[in-house]
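Computed from a prediction, not measured in an experiment: that's the story for all the values here. Just follow the structure's listing: the first ligand is 1, and inside any ligand the first atom is 1.
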Amino acid sequence: MRAYINNKPFDFDEEITILEAARKMGFFIPTLCAFQPLNHTPGTCAVCIVRVIRADGQELTLTSCKTPLEDGMHVDTISSAVKKLQRKQVELLFADHEQDCVTCGRYGNCELLQLARNLGVKSAQYTGKFTAKRTVDTSDLAIQLDGNKCVRCMRCVEVCSQLHGIGALRIDNIGTSAGVCVNQADKWIDSNLCVRCGQCIMVCPTGALMARDNVEQARELLEDEEVITVVQFAPAVRATLGDAFGLLPGTNVEKRIITGLKMMGANYILDTNFSADMVIMEEGTELLGRLNDPQAKLPMFTSCCPAWINYVEQHIPELLDHISSTRSPQAVMGSMVKTWFAEKIGQDSSKIRMISIMPCTAKKVEAARPQLAKDGVPDTDLVLTVRELARLFQSRGIDLKTIPDGEFDTPFMSQGTGAAVIFGKSGGVAEAAARTLYHVLTGGEVNSIPFHAAKNPHAFKEAELELGGKTLRIGVVYGLANAHEVARQVLDGTSSYDFIEVMTCPGGCVNGGGTFRKRGKYLNFTEQRFEALEKADENCVYRQSHNSPMVQQAYREFFGEPNSHKAHKLLHTTYDN
Ligand code: HC0
Ligand code: SF4
């Protein structure tokens, strides 16, 4: 079959949309709702309209993403008349859009604004003031919604069901009032479907979905001379923050983050890698205990991803007995800072404010769990995402591209091993645990674990380790739709694993819902970020958590041994059923 696009012939023998064919020929057709990474073309924005003349002479104006190319069809995608139509569509989108671009968290990175530029929208003919008002919801600790910036692209609805099989979001209302909102709840904070992973934010083309903004509070705390600010930052943060400053994807900016935080006024900077090592000691010991106890629930699942914990509590509570009781590294750090660290620096914990920088929106909710507070005071006072840290730095003119490297300068809780830094990529927690279990069960040391592609269709990787006469079967999973299937296998008694790592976000925290968003892209830098963490692992003096001198010091001076009574009190938690 043959059709003509902008008078050029295009031969095809399978069904293809006009948009796909035009792209193959190198013609640019603007799109907004269409999102290739999710194979999502709902056709709701109508920005991709084109003129066609069918073989029978019928003339039509159609959305190119939804219309199949036909034999003998002539398509016009580039004439002034077509461009005018496309421009009108964008102007109409602006007509019911809250146009506070300068104060919008998506400023400089918005797909709608980019489109307006592409199509040459010169003056905003419509002010965005006469539209029906849609939902604005700032009730939740992790995610906030400004429905007046929603363009009804439904990417958020799609990612939530494709990746997680949850369906926490839906489009509400009709006509100009239509916009995204949470399903089965009036307010986000009341949603028992949403797990707060923030992947919806990652695919939103505008500022309609945002992480809860705590930048101002962080700045106030850092500038407050009455309090002592302790800041930790997560493994993945060092491999993702640079993107926001135009550095090459996967640039490790660990040392520049230290400088930036000091410039902002942080009193102490600690590394979440340290507490990740502590987690391995606790979780590994817990797993060994379960393996030796015929009554214990196996397999055991990791507990460090808070969106996964939310999912289990909200969607499959019957699995809770299989979840490790060990707190996440963020929570372990908060707990240790308000106890041992306070002792070490000779300060009362009431003077300390713990700020945590995470690639994750769900960590904001984790920090507010009553189980992770002492006498009602949270161990972690404030959580910023990577995007918020970028805004915090930018608000003081700190440019990661130009500031010098800094060094951690606290002699305890500031150094992690190679096992800890790989926590930020899917499979890293399982690998770190296996390195230490290998040592405990065989007396030897290994720097890496031979994972292979998973046979289980819902897993990412697997490993079988022969350890002191026992075979330990490890599974690594990401995405909650996958995790759901693996959990079902466990509950049905058909799982072959002993230990399962689950991360909610695709590829793990390096693609967390709090990381840098790039227009029209999704998961594009996974490989570079993985490599950054792998290289950091290789460059570490210590590659296994049990070999960390700082971890050894913590047990020697404070906890006694892993899973001791004190460790249970301060480093483990309970879940809500
Ligand atoms: Fe992660 Fe973590 S690895 S969850 O993804 O376990 O957020 O980076 O900080 O807490 O360490 C996120 C990243 C962390 C925690 C660690 C774990
Ligand atoms: Fe947060 Fe990491 Fe879990 Fe994503 S995978 S929800 S970033 S902890």
Stepwise, does the salt bridge (charged side-chain N to carboxylate O under 4.0 Å, His left out) test hold for Arg212 with Asp140? CA-CA 7 Å; Arg212 177 72 177 261; Asp140 194 56; over 6 Å; no
Among all protein heavy atoms in this structure, tell me which lies nearest to atom 9 (O) of ligand 1, with the distance rounded to 0.1 Å. Ala234 CB, 2.9 Å
For Ser328, atoms of ligand 1 separated by under 4.0 Å from a heavy atom: 10 (O)
Can you list the ligand 1 atoms lying under 4.0 Å from a non-hydrogen atom of Pro235? 8 (O), 9 (O), 11 (O), 13 (C), 14 (C), 16 (C)
Protein residues having a heavy atom less than 4.0 Å from any atom of ligand 2: Cys305, Pro306, Ala307, Pro359, Cys360, Met503, Thr504, Cys505, Cys509, Gly512
Residues Lys461 and Glu431 bridged, charged N to O under 4.0 Å: no
The single option from Trp308, Tyr311, Phe499 that satisfies ring-ring contact (aromatic ring centres under 6.0 Å, His included) with Phe301 is Trp308
So for ligand 1, is Ala236 a polar contact partner (N or O within less than 3.5 Å, distance only)? yes
For ligand 1, which atoms, with element, lie under 4.0 Å from some heavy atom of Ala276? 11 (O)
Checking side chain to side chain contact (heavy atoms under 4.5 Å, CB included) between Glu445 and each of Gln544, Arg435, Arg543, which is the one that passes? Gln544
Nitrogen or oxygen of Gln330 less than 3.5 angstrom from that of ligand 1: yes
Using ring pair (Phe, Tyr, Trp, His ring centres under 6.0 Å), reason through Tyr268 and Phe341 one step at a time and then give a plain yes or no. CA-CA 10 Å; Tyr268 294 94; Phe341 185 84; 5.1 Å; yes
Minimum-distance protein heavy atom relative to atom 3 (S) of ligand 1: Phe423 O, 3.3 Å
Does Pro359 come within less than 4.0 Å of ligand 1, judged by its heavy atoms? yes
Top protein contact for atom 10 (O) of ligand 1, by heavy-atom distance: Lys363 NZ, 2.7 Å
Who's the nearest protein heavy-atom neighbour of atom 16 (C) of ligand 1, and how far? Pro329 CG, 3.3 Å
Cys360 heavy atoms within 4.0 Å reach ligand 1 at atoms 7 (O)
Met358 heavy atoms, cut-off 4.0 Å: which ligand 1 atoms fall inside? 7 (O), 9 (O)
To the nearest 0.5 Å, tell me how far Leu533 CG sits from Asp537 CG. 9.0 Å
Measuring only between side-chain heavy atoms, which start at C-beta, is Phe245 closer than 4.5 Å to Gln394? yes
Would you say Thr240's side chain and Val510's backbone share a donor-acceptor pair under 3.5 angstrom? no
among protein heavy atoms, the one nearest atom 12 (C) of ligand 1 is Cys509 SG, 3.1 Å
Kindly say whether Phe516 contributes a backbone atom to a donor-acceptor pair with the side chain of Arg387 at under 3.5 angstrom? no
Between the side chains of Arg155 and Glu158, is the shortest nitrogen-to-carboxylate-oxygen separation below 4.0 Å, so that they form an ion pair? no
So, does Ser548 use its side chain to make a donor-acceptor pair with the main chain of Ser545 at under 3.5 Å? no
Worked check of salt bridge (charged side-chain N to carboxylate O under 4.0 Å, His left out) between Asp243 and Lys521: CA-CA 13 Å; Asp243 298 10; Lys521 305 267 192 277; over 6 Å; no
